[in-house]
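Okay, so here's the structure we're looking at.
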Amino acid sequence: MPDLQVATRRAADVAVVEPKGFINAHTVAEFEGVLNELVEAGDVRIVISGAHLSYVASAGFGAIMGLIEEARAGGGDIRVAALTGTVAHIFRVLGFDRLCRTFETEEEAVLSFGGS
Amino acid sequence: MPDLQVATRRAADVAVVEPKGFINAHTVAEFEGVLNELVEAGDVRIVISGAHLSYVASAGFGAIMGLIEEARAGGGDIRVAALTGTVAHIFRVLGFDRLCRTFETEEEAVLSFGGS
Amino acid sequence: MDVPATCECLSLVHEATRRAALAEDFDPAVADEIAVAVSEAMTNVVEHAYRGEPGHAVRLRFRPGPEALRIELEHRGAAPKSLPAGVDLGRLARERRRGGLGVHLMRRLMDHVVHEELAAGVCCWVLERNRPRSRPPSPGSES
Amino acid sequence: MDVPATCECLSLVHEATRRAALAEDFDPAVADEIAVAVSEAMTNVVEHAYRGEPGHAVRLRFRPGPEALRIELEHRGAAPKSLPAGVDLGRLARERRRGGLGVHLMRRLMDHVVHEELAAGVCCWVLERNRPRSRPPSPGSES
Ligand SMILES: Nc1ncnc2c1ncn2[C@@H]1O[C@H](COP(=O)(O)OP(=O)(O)O)[C@@H](O)[C@H]1O
Ligand SMILES: Nc1ncnc2c1ncn2[C@@H]1O[C@H](COP(=O)(O)OP(=O)(O)O)[C@@H](O)[C@H]1O
């Protein structure tokens, strides 16, 4: 188990990104790389599932912040699901709930994009 | 407070070396350097006072082991005083009480060399 | 305790801090917050004070006091000329910025956050988190 | 937890281990011993498995079990061809040797110490310290 592993799945035309472990300034490159590739490929309907994150430092939230408007400009969005514990707390504390839509479950987040 | 500081004092013709902090493979160079210099200068009546050591890894005991016969060959010795807690325990566990004379206090260790 | 000033040490600093906070009887959730804040300070030293250069160190100290747990990160890098007073997330996002949240997060998670210059060339992040108080009974508050 | 394989990280590994052991209810003196043993294993990986080369990592895991605290240090360096069975301090001293005590000390401080090859190129030091047992009353032992 490395400090961070990032899996990507597809649910219809939504890309579900599932980081496992923790995101800090050391591991963020892995997470940011996956998001970057999706956005650059025009794959801009993105759900980040936080179910397997133990913690996320500001660098991880920064990666979302830096790409969300690009995703929106391309007709998509970055939405977040299944945050728990400290991750959910820091998300709120940073005010990310005003920048980024969140959902209780991955399914709800995927459905929120509507079919295509 | 760095991880290790090594002070040297003189008590008559005995050099009292007082390491403060902890000795591991990273900090041992500092400790070994002081012992080396003494032995090379023929200053071979050495007391190591352990009163301010929080722990000593094998590297620290190795430094004593590697120099004690050199000090003895020069008519001196390396003796140890005021070991406490884990340091005293590891000293015994490694069998160093059979290699190296120990004393409750620095004064006793200094006196054990006899006057000159 | 001297720690290499690299991001590769962040997880270990996080874990050591979390356990230090637990040992001081902070709740697990609060210990996690303290650990995140200290990781942010460490990241700040690595990236801003030492500008990512290798070979530097941070001196990490846990100082439990009666009122608060104080954590110090002493370094010999650059002092910030100024620190952001707050953040405007919407603007940072529109500007495609990927940083600028670190100090803000430290301040939100801790009760006291300052960057001090101890001596010429020696700086220190000081972070404090107050201990929970057993609330004094407030007279007439019973319903 | 991934840790840079350098001796500069030893103090932080020591401290994280000590606190992990305390959190598992080991006595402070025993927690210190466990921390020293883990520091020895880390030193072994840095100096022997990776031969002091920079840029490598150790994966550190604390695995508390019902009978023992198990600590694993996984690495991708060289496996020892053989390990010393014991040490002759007097001989080492006469030969002016400054090393050769690390594995011996790990074994003296822990209840179980092995170096395993998990897969091609992946090795692991496994150290276990048993939890103290409340001694079962032995019949007729009262005097
Ligand atoms: N130690 C420092 N030295 C110099 N500048 C600093 C320092 N800390 C912060 N700054 C400045 O404040 C800004 C915000 O810092 P911070 O909140 O830590 O952002 P980030 O999360 O991007 O590191 C930085 O972009 C930098 O310009
Ligand atoms: N991981 C390893 N890879 C190769 N050789 C090893 C390894 N660990 C130990 N050895 C061999 O065993 C000897 C004793 O090791 P150790 O007890 O760790 O001594 P030291 O305290 O000098 O590191 C070493 O000098 C080395 O020859």
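Each chain gets a letter, A, B and so on, in the order the sequences are listed, and its residues count up from 1.
Most heavy-atom pairs under 4.5 Å with chain B: of the set D:R94, D:E47, D:H14, this distinction falls to D:H14. In terms of non-hydrogen atom pairs under 4.5 Å with chain B, the most contact-rich of D:T6, D:L109, D:L89, D:L92 is D:L89. Annotation: maximal heavy-atom pairing with chain D below 4.5 Å, among B:R98, B:H26, B:E32, occurs at B:H26.
Contacts of B:L94 with chain D are made by both backbone and side-chain atoms, with heavy-atom separations under 4.5 Å. D:S11 touches chain B through backbone and side chain together, each having a heavy atom under 4.5 Å away. Proximity to chain B is absent for every atom of D:E95, based on heavy atoms less than 4.5 angstrom apart. With a threshold of 4.5 angstrom between heavy atoms, B:L67 approaches chain D through side-chain atoms but not through N, CA, C or O.
More than 12 heavy atoms of other shown residues, nucleotides or ligands fall within 6.0 angstrom of atom CD in D:E117. D:R91 CZ: 12 or fewer foreign heavy atoms inside a 6.0 Å radius. Crowding of D:R131 atom CZ: a count of heavy atoms from other residues, nucleotides or ligands under 6.0 Å exceeding 12. By the 6.0 Å contact criterion, CD on B:E107 is enclosed, its count of non-hydrogen atoms from other residues, nucleotides or ligands being greater than 12.
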D:L105 vs B:I90, side-chain contact (heavy atoms from CB on, under 4.5 Å): CA-CA, chis, key distance, verdict = CA-CA 8 Å; D:L105 183 54; B:I90 291 179; 3.7 Å; yes
query = Under the side-chain contact (heavy atoms from CB on, under 4.5 Å) criterion, do D:L101 and B:F61 qualify, and how do the steps go?
reply = CA-CA 8 Å; D:L101 303 174; B:F61 293 105; 4.1 Å; yes
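For the residue pair D:A29 and B:T86, the shortest heavy atom distance occurs at O-OG1, 4.3 Å. Across all their heavy atoms, D:A93 and B:E69 have their closest contact at O-CG, 3.4 Å. The heavy-atom pair separating D:G90 from B:L99 by the smallest distance is CA-CD1, 4.5 Å. Closest approach of D:R97 to B:M65, counting heavy atoms only: O-CE, 3.2 Å.
The side chain to side chain contact (heavy atoms under 4.5 Å, CB included) test with B:V93 is passed by exactly one of D:E33, D:R107, D:R108, D:H104: D:R108.
Remark: side-chain polar atoms of D:E40 are paired, donor with acceptor, to backbone N or O of B:S58 under 3.5 angstrom.
Here the OG1 atom belonging to B:T27 is positioned 12.0 Å from the CD atom belonging to D:E8, to the nearest 0.5 angstrom.
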